[in-house]
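Numbering of ligands and ligand atoms starts at 1, following listing order.
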Amino acid sequence: MAEAPRPPSQEFHSVLAENRVFPPSPEFASRAHIRSMEDYRRLWDEAERDPDAYWGARAREELYWKEPFQTVLDWKPPHARWFVEGRTNLAYNCLDRHLDKRRDKTAILFEGEPGDRRKVTYGELTRDVNRLANGLRSLGVRKGDRVGIYLPMIPEAAVAMLACARIGAVHSVVFGGFSAEALLERMNDAGARVLLTADGGWRKGVVVPLLENVRKALPQMNSLERVVVFQRTTQGTLQLSGKELAWSELVSKQSDTCEPEWVESEHPLFILYTSGSTGKPKGVLHTTGGYAVNASLTTRWVFDLKDEDVYWCTADVGWVTGHSYVVYGPLMNGATTVIYEGAPNHPGPDRFWDLIAREKITILYTAPTAIRAFMRLGDEHPKRHDLSSLRVLGSVGEPINPEAWMWYRDVIGGGRCPVVDTWWQTETGSIMLSPLPGATPTKPGSATLPLPGIHTEVLDRQGNSVPANQGGLLFVTRPWPSMLRTVYGDPDRYVRTYFSELPGKYFTGDGARRDNDGYFWLMGRVDDVVNVAGHRLGTAEVESALVAHKSVSEAAVVGRPDELKGTALVAFVTLKQGVAPSPELKKELGAHVTKEIGAIARPDEIRFAEGLPKTRSGKIMRRLLRDVAGGKQTTGDVTTLEDLNVLATLRNNEE
Ligand code: 6R9
């Protein structure tokens, strides 16, 4: 059972005192797509007055529709269908549509970690996508079939996604940092027929063994028929066998053209697994039309994206940010999107700044955890490079503390670039709360205001509005085009997780407050999901990995505020009878979690405990553990504690 949402704690004390305001500069505003708060309010009012007219107009502007839609929204809470009768194709919208004007424009500017570079033009990208799309068809992949993608950050990751979209196959990208076990679970849940992968990818100077992981999982991948392997890290001929097939061989015989599958607006586009409050990740399902409209629109508005921009979102395509803001959003806009393969600090701490200066990158979109890490490395690294090409800076993934926000603005943006703190989720598909850089006065640490047509509210559990400056739960109270449609294979979980708190209103799982100007300040998750270095993890997932170890009897994992990562993971572990606690065992358990999920889930701290505090009904009292982990005094109600001694023992066991 998931624990009921708790009122958000106020972990980021410093934001409570934040009152600096930065209006957009007149020069920036005069050239922006949206130039003033009047512009913003006009759009807002338009959406408010007639939502169907507003979204219908946006959908016609953003996308090429092979068949027009008649119904903008069919809303039977909590199920929405958008642009119902329309037919379109997302690969067509990202590629073919631009060929007249942008055939030779760079679509993808790629830099590998070892320093190899490639510029892929719109013409070349279209050709590569079409060949792979034909290749997939030749393997029997049809509209609606699921295709797994487990690739490094190389142009082929985008090619793979677009090839699926072109033929109406549903892609499910698995982050390359996930282990064989995590990959297996996701591929089986999605029922993937084909998996697109690579021999490896480069990270911190070493090879991430993707193919090795695939091979470990392969015998148990029930639905998988073929594995297509791109050669990235090895030399000579790839030794492949069984279900494996070389990517180069698959595409070499294929035609450069491929008729797109014109799919219904509600045809599934992708499944992306994300963490929830139970051990099993949720397959968030997005469909075509609504997702595309919002991804395209928000990329242009929030980043003030123009044709001449060189745009870099540093997210991995394994996360939703990579889907919407590395691949689909920028390519729908005909932009140049940068893909960088490796670690931000390899071979040196100035890798990002070197790349920005060399390629004259104009828009940078990254995560607070990266910003804080750079901040700690010292100003001298960015200062050695000419960053004057930058004009907009974005942040995503977790709350950004005002100190990091100011550093980002001053040291990276030279005090000249607007900072857009964008709040959204895998489930929302695209940005929901964000400043518009030419219009919205920004405040360090606030995601400011909802985009036009988006209705976010801070409510209590009864659905009442929470007064200004008080914490509450963040809801989205009306449907929006890029909302998730269901949890793949588990439609009840969709209703239960997102719409059972207040019927008909989408519950985000985040706590927030609004200030006197109506600005939103995000306060972190209120459920058992934690954001570790911008990566979303379910504490239950880590717990189930730990209890899968032979020495572990029980485990509880909680988040603790961490200066660098935002949240660090602390695991409380009780051992089986007769197993002695030891530093070696802690190491072993850490390695075990890495194997089960991936290095991102390895607890920062493991504490052995004789027992865990539980309620009489047997639920682990995480609130108490969070306090213990954070070194805070426990103030909450502990009368339901099964054994108060347990708590005292946990406190003292802080070696
Ligand atoms: C896009 C993405 C979603 C969770 C979300 C929230 C946190 C994301 C944020 C933010 C404060 C921001 N989050 N952006 N918190 N300010 N600007 O990150 O999706 O991986 O699904 O994570 O991330 O807690 O609920 P996802």
Side-chain angles (χ1 to χ4, degrees), residues 5 8-9 11-12 15 173 175 177-178 270-277 281-284 286 294-295 298-299 302 313-326 328-329 365-372 393-402 404-405 408 419-435 442-451 456 458 471 473-476 482-484 487 497-498 506-513 519-539 541 559 565-567 600:
S9 66
E11 265 155 24
F12 293 89
V15 300
V173 183
F175 173 51
F178 275 131
F270 67 83
I271 301 166
L272 185 59
Y273 287 86
T274 187
S275 298
S277 36
K282 294 180 286 232
V284 167
H286 281 287
N294 262 103
T298 54
T299 309
V302 170
C313 165
T314 68
D316 192 284
V317 290
W319 310 110
V320 73
T321 308
H323 283 59
S324 303
Y325 299 106
V326 174
Y328 288 120
Y365 188 28
T366 194
T369 189
I371 298 165
R372 288 190 295 266
L393 302 175
S395 171
V396 63
E398 51 182 316
I400 178 164
N401 48 311
W405 194 101
Y408 197 28
V419 173
V420 289
D421 174 8
T422 64
W423 176 87
W424 60 295
Q425 311 176 295
T426 306
E427 293 88 343
T428 70
S430 60
I431 296 169
M432 305 288 276
L433 292 171
S434 172
T442 52
K443 303 183 188 184
S446 171
T448 75
L449 297 166
L451 296 181
T456 42
V458 180
L473 305 172
L474 183 66
F475 284 85
V476 188
S482 63
M483 67 192 283
L484 81 161
V487 172
T497 311
Y498 303 109
Y506 170 84
F507 176 50
T508 63
D510 277 334
R513 67 183 172 88
Y519 276 33
F520 286 80
W521 298 77
L522 274 300
M523 297 160 84
R525 299 288 305 196
V526 295
D527 54 10
D528 293 322
V529 172
V530 284
N531 243 297
V532 179
H535 294 141
R536 179 168 159 184
L537 287 167
T539 50
E541 273 172 85
K565 296 175 154 191
T567 311
I600 52 169

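Of all the heavy atoms of T321, the ones lying under 4.0 Å from any atom of ligand 1 belong exclusively to the side chain. Both the backbone and the side chain of P399 come within 4.0 Å of ligand 1, judged by heavy-atom distances.
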**OP:** Run the numbers on F475 and F507 for ring pair (Phe, Tyr, Trp, His ring centres under 6.0 Å), then give the verdict.
**Re:** CA-CA 5 Å; F475 284 85; F507 176 50; 5.2 Å; yes
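Of all atoms in ligand 1, listed by their number and element, those nearer than 4.0 Å to a heavy atom of N531 are 4 (C), 7 (C), 23 (O), 24 (O). The ligand atoms of ligand 1 that sit less than 4.0 angstrom from a heavy atom of V396 are 1 (C). Applying the 4.0 Å criterion to heavy atoms of V320 picks out, from ligand 1, the atoms 1 (C), 19 (O). The contact set between ligand 1 and R536, taken as ligand atoms under 4.0 Å from a residue heavy atom, comprises 3 (C), 20 (O), 21 (O), 22 (O), 26 (P).
Checked by atom type and distance alone, the side chain of S275 never pairs as donor or acceptor with a backbone atom of P281 at under 3.5 Å. Of the possible polar contacts, none joining the T442 side chain to the V419 backbone as a donor-acceptor pair under 3.5 Å is found.
Within the 4.5 Å cutoff, side-chain heavy atoms of V302 are placed close to those of T422. Side-chain contact check for K282 versus Y498: some heavy-atom pair is nearer than 4.5 Å.
Close to ligand 1: G397, with a non-hydrogen atom less than 4.0 angstrom away. Between W319 and ligand 1 there is no heavy-atom distance shorter than 4.0 Å.
Among D510, L433, L272, the residue whose heavy atom lies closest to atom 25 (O) of ligand 1 is D510. Looking at H323, E398, Q425, M523 and measuring to atom 9 (C) of ligand 1, the nearest heavy atom belongs to E398.
For S430 and T298, the side-chain atoms include no donor-acceptor pair closer than 3.5 Å.
Remark: of the listed residues L433, I431, T448, L433 is the sole one forming a side chain to side chain contact (heavy atoms under 4.5 Å, CB included) with W423.
Residue S395 places no N or O, backbone or side chain, under 3.5 Å from any N or O of ligand 1.
Taking the six-membered ring where the residue is Trp, H535 and W319 present parallel rings, their angle staying beneath 30° rather than reaching 60°.
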